[in-house]
Protein chains: 2
Amino acid sequence: MTDTARGSSRRYGTRPTMKDVAARAGVGLKTVSRVVNGEPGVTPDTERRVQEAITALGFRRNDSARILRKGRTASIGLVLEDLADPFYGPLSRAVEEVARHHGALLINGSSAEDPAREQELVLALCARRVDGLVVIPAGDDHRYLAPEIAAGVATVFVDRPAGRIEADTVLSDSFGGSRDAVAHLIAHGHRRIGFIGDQPRIHTAKERLRGYRTAMAAAGLPVDDAWVSLGTTEPERVHTAARAMLDAPEPVTALFAGNNRVTVTLVRVLRQRTAPVALVGFDDFELADLVSPAVTVVAQDAARMGRTAAGLLFRRLEGADEPPRREEIPTRLIARGSGEIRPARG
Amino acid sequence: MTDTARGSSRRYGTRPTMKDVAARAGVGLKTVSRVVNGEPGVTPDTERRVQEAITALGFRRNDSARILRKGRTASIGLVLEDLADPFYGPLSRAVEEVARHHGALLINGSSAEDPAREQELVLALCARRVDGLVVIPAGDDHRYLAPEIAAGVATVFVDRPAGRIEADTVLSDSFGGSRDAVAHLIAHGHRRIGFIGDQPRIHTAKERLRGYRTAMAAAGLPVDDAWVSLGTTEPERVHTAARAMLDAPEPVTALFAGNNRVTVTLVRVLRQRTAPVALVGFDDFELADLVSPAVTVVAQDAARMGRTAAGLLFRRLEGADEPPRREEIPTRLIARGSGEIRPARG
DNA sequence: TAGCCGCTGGACAACGTTGTCACCTGGGGT
DNA sequence: ACCCCAGGTGACAACGTTGTCCAGCGGCTA
């Protein structure tokens with residue numbers, strides 16, 4: 001009798017199942033299931049025998065089979081733009097933490113700001129039958145998600161609203177934050193203020209631009225077209241845009257950066273110039289207080305956004321049957337100095 | 001006849017299966033499977049009928065069932081310390097990118113530097129039957145993983161070695177990097193150099209201390225016990241440790257920081273002091289070049305570590321049957337200025 | 001002593017998919 | 001006219017688990 005022919009031994013790469021455990025413990029299959037799940041109705045003696053068999057065989061319940069049988073996967077998906085971006089680390093971590101409290105695992109993926117990839121990822125997660133999804137949208141049409149949501153996949157959008165679909169959403173107050181930021185610059189005497197932001201198809205970019213325009217209008221200031229530049233956040237582009245504004249015949253005396261990547265690039269640009277230029281950035285970043293001058297920012301609370309989103313998600317999973325909610329997380333202006341620089345001339 | 005009684009309609013929360021698609025298209029179950037998987041042997045006409053049924057019902061293959069049947073999950077697990085830490089973002093992203101190229105999803109979790117939580121997470125991932133694991137260990141005993149590895153779960157440890165178990169490992173050259181960093185300080189005239197590092201149970205902390213001691217010894221310099229402080233990376237503790245070294249009768253004239261959180265805290269401490277103190281940090285961080293003086297660091301390539309680890313993992317999954325490998329990723333000293341500060345006196 | 005109850009344990013089906021195998025149909029060769 | 005072959009198609013079992021339901025057994029009461 002060969003080794004592989006014996007019932008109790010397993011080939012390399014195969015794992016013991018409840019059946020094996022049952023055979024070894026000399027009990028029925030269902031009894032093993034009861035022990036594994038801590039269900040009542042098993043004598044202490046039987047339980048001990050089963051436990052021994054489990055340990056001896058190195059049995060571990062196959063969750064795939066369990067999931068198939070039970071219908072719930074106890075996992076949620078998170079689709080964001082880029083895990084390497086410092087804004088998403090804390091957000092992701094916060095979502096994970098809430099998931100952990102609900103006994104769920106987190107599967108995540110980066111869309112790299114590509115709508116096709118976002119959809120591919122989301123659908124792959126749905127095929128895995130995640131119980132819910134937290135999505136930071138890259139695209140602006142999420143109708144492809146409708147059948148999934150109808151089928152019961154709880155879905156929450158974060159940072160940007162869903163496109164052409166109704167769903168729970170958690171945003172930060174891009175408009176208000178931007179308006180405050182620009183008002184701050186105006187209060188310090190600036191009249192010509194530039195705005196360098198993300199691509200206009202991104203919702204937050206549009207909102208921040210709207211905040212900028214609103215603040216300018218409220219102060220009765222005109223906005224020159226040359227003071228607004230939207231596009232990718234690549235340093236190259238930001239650099240070029242900034243130079244155009246700063247080297248114009250009537251240069252801007254202050255800059256408002258639409259997100260933290262832009263802000264950082266602008267810090268690098270400005271430190272190479274002699275004339276002091278004021279700067280306020282949207283979104284805080286780790287060492288904003290250590291560069292000089294320390295950078296004034298509109299801080300978003302990424303962790304809170306993640307927590308809120310995950311909270312909404314699990315409320316849905318627990319059966320909450322309310323219309324889609326939209327939560328807005330307030331921003332906070334942190335004045336550190338770079339926004340207080342006064343314009344060179346009046 | 002009620003709506004729910006009709007075969008083709010589904011209750012809210014249930015999803016159509018291949019059986020439903022087959023019934024609607026008037027074909028057999030297996031034919032649907034063939035279409036879904038792009039297997040050959042289906043007439044164009046049949047395929048079209050099936051595709052229509054799929055679209056009409058909003059069918060999406062249930063990967064849980066597929067996984068159960070096929071044995072492979074096309075997902076890998078990543079257990080790290082804290083996703084919110086800037087060191088792990090790029091690492092995680094790199095792992096994800098490689099996984100994506102192999103058609104696998106990434107499930108990840110944070111251990112919060114707690115060995116029990118690490119184990120819990122790893123075993124949960126094994127229960128999900130991930131094909132492989134990338135682990136940044138928090139604990140120092142991984143024998144609990146032996147049955148899993150024997151069962152075929154490819155496992156790679158990153159940043160720190162596995163405890164009491166043989167496995168593929170990707171480390172960065174903590175020892176060499178630290179030795180070079182301290183040599184750099186010595187070359188700039190420092191004789192009393194402090195080292196503030198992470199908790200001594202963490203492998204990299206020990207290695208970096210060893211590098212420090214080796215460099216000091218190589219230069220024939222004594223090391224005072226008061227110049228070495230290992231512990232948590234909380235700002236409080238680092239602050240206290242730094243003050244003790246800087247306010248001693250014979251103060252250190254330079255500091256070597258054991259990781260990026262320590263470095264950042266030390267930058268904050270040092271800028272409050274008048275006497276210039278040299279600083280070199282282990283691990284680069286985003287704005288190291290923007291603070292003044294710009295911070296000299298030993299840079300680790302987190303993305304490369306992630307790529308290497310994932311590469312090893314998938315090589316194993318493709319059947320490579322070699323003894324465990326240990327890859328060491330070199331570090332790079334980036335001199336930016338803070339290491340070139342000369343000691344106040346001789 | 002018969003009948004009943006409560007408790008433990010097991011047989012069996014089902015979850016949705018894929019692999020195996022056999023069936024059917026039509027066409028071409030003898 | 002017969003047979004064979006190939007390609008298209010479907011029936012069925014299996015993956016490992018959990019839910020349902022029933023059987024056996026011991027102790028209790030009438």
Side-chain angles (χ1 to χ4, degrees), chain A residues 7 10-11 13-51 53-54 57-74 124 126-131 151-152, chain B residues 7 10-11 13-50 53-54 57-74 124 126-129 131 151-152:
Chain A
R10 316 283 318 171
R11 286 190 314 288
T14 40
R15 310 201 50 145
T17 70
M18 286 194 177
K19 204 162 138 189
D20 301 313
V21 174
R24 171 147 186 155
V27 301
L29 185 53
K30 183 64 218 221
T31 301
V32 177
S33 170
R34 274 192 270 259
V35 171
V36 169
N37 295 298
E39 289 170 26
V42 181
T43 1
D45 181 60
T46 310
E47 170 158 6
R48 189 186 44 74
R49 286 215 316 286
V50 172
Q51 284 295 6
I54 288 176
L57 295 176
F59 167 79
R60 183 113 39 223
R61 180 177 61 197
N62 184 332
D63 269 352
S64 292
R66 169 170 233 251
I67 285 164
L68 174 61
R69 183 63 229 253
K70 304 204 75 148
R72 278 274 164 113
T73 60
C126 288
R128 292 293 174 108
R129 296 293 188 270
V130 292
D131 297 334
Chain B
R10 317 283 318 173
R11 288 190 313 288
T14 39
R15 310 201 48 148
T17 69
M18 286 194 177
K19 205 162 138 188
D20 301 312
V21 174
R24 171 146 186 154
V27 300
L29 184 53
K30 182 65 218 220
T31 300
V32 177
S33 169
R34 273 191 271 260
V35 171
V36 170
N37 294 296
E39 288 170 27
V42 181
T43 350
D45 181 60
T46 312
E47 171 158 6
R48 190 186 43 72
R49 286 216 315 286
V50 172
I54 288 177
L57 296 175
F59 166 79
R60 182 114 37 226
R61 179 178 63 198
N62 183 329
D63 270 353
S64 292
R66 168 171 233 250
I67 284 164
L68 174 60
R69 185 62 232 252
K70 304 203 71 145
R72 277 273 165 113
T73 60
C126 288
R128 293 291 174 110
R129 296 293 188 269
D131 296 334

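Letters go in sequence order (proteins before strands), and every chain restarts at 1.
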Below 4.0 angstrom from OP1 or OP2 of [N], is there any side-chain N or O of [X]?
X       : N      : result
A/Ser64 : D/dG16 : no
B/Thr31 : D/dG10 : yes
B/Asn37 : C/dT18 : yes
A/Lys30 : D/dT17 : no
B/Ser33 : C/dT18 : yes
A/Thr46 : C/dG9  : yes
B/Thr43 : D/dG7  : no

Both A/Glu39 and B/Val42 contact DNA chain D. Taking the nearest nucleotide for each, which residue is further toward the 5' end? B/Val42
By nearest-nucleotide position on DNA chain D, the 5'-leaning member of B/Gly41 and B/Arg129 is B/Gly41
Nearest whole angstrom, please: distance from the C1' of C/dT17 to the CG of B/Asp63. 10 Å
Grab the CG-P distance between B/Leu68 and D/dA13 for me, whole Å please. 17 Å
If you assign each of B/Arg34 and B/Phe59 to its closest nucleotide in DNA chain C, which residue comes earlier from the 5' end? B/Phe59
Could you run down nucleotides 22-27 of chain C 5' to 3' and tag each one B, S or - for protein heavy-atom contact under 4.0 Å? ------
Selected nucleotide, minimal atom distance to [X] side chain, candidates [options]:
X       : options                : answer
A/Arg69 : C/dT17, C/dG10, D/dT18 : D/dT18
A/Met18 : C/dG16, D/dT9, D/dT18  : D/dT18
B/Arg61 : D/dT17, C/dT18, D/dG19 : C/dT18
A/Leu29 : C/dT18, C/dG9, D/dT17  : D/dT17

To the nearest 0.5 Å, tell me how far B/Arg60 CZ sits from B/Thr17 OG1. 14.5 Å
Evaluate the criterion side chain to side chain contact (heavy atoms under 4.5 Å, CB included) for residue pair A/Ile67 and A/Arg72; output intermediate values, then yes/no. CA-CA 6 Å; A/Ile67 285 164; A/Arg72 278 274 164 113; over 6 Å; no
Quick one: are B/Arg129 and A/Arg15 in side-chain contact, heavy atoms under 4.5 Å? yes
For B/Val36, report the nucleic acid contact type (base, sugar-phosphate, nothing); a contact means any heavy atom under 4.0 Å. nothing
For A/Met18, the option from A/Val50, A/Val36, A/Ile54 that meets side-chain contact (heavy atoms from CB on, under 4.5 Å): A/Val36
We want to know whether B/Asn62 and A/Arg128 form a side-chain donor-acceptor pair, criterion being a heavy-atom distance below 3.5 angstrom. no
